[in-house]
Amino acid sequence: MSLLFSKFKLGNLTLANRTVFAPSCTYKVKNNDGKPNEYHQTHYGARAIGSVGLIIVEATAVESRGRITNNDLGLYNDEQISAHQNITRLVKSLGSQIGVQLAHAGRKSECTDSEAVAPSTQAFSPNSKIPKKLSLDEILQIKQNFVSAAIRAKKAGYDLIEIHAAHGYLLNQFLSKKINDRDDEYGKDKTLLLKQIITEVKNAVDIEVGVRLSAYTWQNDDYSVNDIVTLSKELEKLGICYLHISSGGVYFQTNDAPTIAPLYQAKYAKAIKQAVNIPVIAVGLIKTAGESEALLLGDVCDLVAYSRAILANPNFVIQMMSELKEYDLIDNTFTRTYK
């Protein structure tokens, strides 16, 4: 059997295969209420029918002003729990495991009814809001918001939580040497907020926790891949169950962006995997079964995530089964799904 379609143990979870649907924002919330609806049930249910091993639901805000847009998901009040349960029940009944990415947009929030907040008052772009610099009391509240959202995620039936510390959103902003110009404890140790959130979430709720990181900002005067390797080792000690390695998204303009091509982020995942003993997820324009299998065989990663490919084709994973001649799995998939 191919590595891609072998079962995989992720913390306490057993995945049917090593494919992951990466968090991919759809901006389909209605009524500005943060609740998933029929669209989301259909969207994620279709990917479960398509045999994705692990589905990670798109960025889900821990507070209203932490949404990227007014049409984003949230887990910032108890009224949202039952709508999330509709997704988790459906997806798990169809054979996939499901997690949720808990997030805060920080200075990248485009919500029309709230302010943006950040470590400093630096705006993301010339057309972005000037964010409010967070006070220590507000940082304390944001930590509690992550904990509260994690508790709701557990109640909603999610199998795991992914803390979003990538792509220039709030926790990634705190990691930045340039954006985070604070002179308090959160400026002196730019990794402190992320580490505190992980610790407090794990203390509050019995659920697997992973982290998504931007290994490089594409800006040569900010943190380096080596800095993220060091951070990854520290996060492993805190008991996270995986690292999901991406890059970019931190700056509106960059001076060291890579050529965007298939596997362009694989080198970042490999650097992290060589440094830690927990599973690493690679992501970034991975388009074929051959590419995926090569990443696993080359010890670049343990799991392979896809966004655009699965957005475009809910049956992309079944297509890859065919490419790797896993015909028995295809037969079993449809027997399992429709029995």
Side-chain angles (χ1 to χ4, degrees), residues 10-11 13 20-27 29 33-36 40 44 54-69 71-81 83-85 87-88 91 97-106 108-109 111 117 134 138-175 191 193-214 235 238-244 246 249 281 283 305:
L10 186 65
L13 305 175
V20 179
F21 182 24
S24 306
C25 288
T26 59
Y27 308 111
V29 167
D33 62 7
K35 293 180 180 179
H40 300 91
Y44 291 110
L54 172 64
I55 292 170
I56 307 177
V57 167
E58 62 203 82
T60 299
V62 301
E63 66 173 6
S64 178
R65 67 179 178 176
R67 294 171 297 164
I68 304 167
T69 75
N71 302 114
D72 281 1
L73 294 179
L75 265 172
Y76 48 81
N77 63 51
D78 290 348
E79 288 71 31
Q80 295 160 337
I81 294 173
H84 283 271
Q85 284 174 330
I87 297 174
T88 61
V91 165
Q97 304 283 6
I98 185 165
V100 62
Q101 186 184 71
L102 297 184
H104 194 299
K108 293 182 80 173
S109 175
C111 287
V117 296
L134 287 163
E138 288 173 314
I139 291 173
L140 181 65
Q141 184 60 57
I142 285 174
K143 287 193 290 183
Q144 183 55 52
N145 290 342
F146 271 93
V147 171
S148 297
I151 293 170
R152 294 186 188 103
K154 175 72 174 180
K155 290 179 179 178
Y158 285 107
D159 297 308
L160 63 79
I161 289 165
E162 180 172 284
I163 304 295
H164 197 359
H167 302 162
Y169 297 115
L170 183 65
L171 299 185
N172 197 182
Q173 293 161 28
F174 270 88
L175 296 177
T191 67
L193 179 56
L194 174 58
K195 291 185 292 189
Q196 287 180 335
I197 286 172
I198 291 168
T199 299
E200 293 181 23
V201 165
K202 286 185 64 62
N203 286 340
V205 63
D206 179 20
I207 191 169
E208 299 292 351
V209 177
V211 178
R212 190 161 193 182
L213 294 171
S214 277
L235 300 186
L238 295 179
I240 64 169
C241 75
Y242 71 86
L243 287 157
H244 191 170
S246 190
I281 302 175
V283 68

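Using modelled atom types, one side-chain atom of Gln173 and one backbone atom of Ala105 make a donor-acceptor pair closer than 3.5 Å. Between the side chain of Thr60 and the backbone N or O of Leu75, no donor-acceptor pair lies under 3.5 Å. For the pair Gln101 (side chain) and Ile56 (backbone), a donor-acceptor distance under 3.5 Å is absent. Put simply, the side chain of Gln80 gets close to the backbone of Asp33: a donor and an acceptor are under 3.5 Å apart. Counting only distance, with no hydrogens or angles, the side chain of Ser109 and the backbone of Gly66 share no donor-acceptor pair below 3.5 Å.
Looking at Lys143 and Leu193, their side chains come closer than 4.5 Å, going by heavy atoms from C-beta outward. Leu235 is listed as a side-chain neighbour of Lys195, based on a closest heavy-atom distance under 4.5 Å. The side-chain heavy atoms of Leu170 and Leu134, taken from C-beta on, include a pair separated by under 4.5 Å. Taking the side chain as every heavy atom from C-beta outward, Leu175 and Leu213 approach each other to under 4.5 Å. A 4.5 Å side-chain heavy-atom check between Ile163 and Ile240 finds every atom pair outside the cut-off. Side-chain atoms of Val20 and Tyr242, non-hydrogen and from C-beta on, never get closer than 4.5 Å to each other. Contact check for Thr191 versus Leu194: no side-chain heavy atoms found under the 4.5 Å cut-off.
Scanning both residues, Val147 and Ala204, for their nearest heavy atoms gives CG1-CB, 3.5 Å. Taking both residues in full, the closest heavy atoms of Leu10 and Cys241 are given as CD1-O, 3.8 Å, listed atom of the first, atom of the second, then distance. When all heavy atoms of Pro23 and Val57 are compared, the closest pair comes out as CB-O, 3.9 Å. Of all the heavy atoms in Ala22 and Arg212, the pair that sits closest is CB-NH1, 4.2 Å. Contact detail for Val211 and Ala165: the closest heavy-atom pair is CG1-CB, 4.3 Å. Between His84 and Gly74, the closest heavy-atom pair is NE2-O, 2.9 Å.
Atom CD in Glu58 sits 11.0 Å away from atom NE2 in His164 (nearest 0.5 Å). A distance of 14.0 Å separates CG of Asn172 from NE2 of His104, quoted to the nearest 0.5 Å. The CD atom of Gln97 sits 10.5 Å away from atom CD of Glu208, with the distance rounded to the nearest 0.5 Å. Once rounded to the nearest 0.5 Å, the distance linking CD1 of Ile207 with CG of Leu13 reads 8.5 Å. Rounded to the nearest 0.5 Å, atoms OG (Ser148) and CD (Gln141) are 7.5 Å apart. Residue Ile151 holds its CD1 atom at 9.5 Å from CD1 of Ile81, rounded to the nearest 0.5 Å.
Residue pairs meeting the salt bridge (charged side-chain N to carboxylate O under 4.0 Å, His left out) criterion with at least one member in residues 147-162, sequence neighbours excluded, are Asp78-Arg152, Lys92-Asp159. Among pairs with a residue in residues 197-206, none fulfils side chain to side chain donor-acceptor pair (under 3.5 Å), at least two apart in sequence or across chains.
The aromatic rings of Tyr44 and His40 lie parallel to each other, their planes meeting at an angle below 30°, with 60° marking the opposite boundary.
Thr69 and Asp72 share a donor-acceptor pair across their side chains, judged by distance under 3.5 Å alone.
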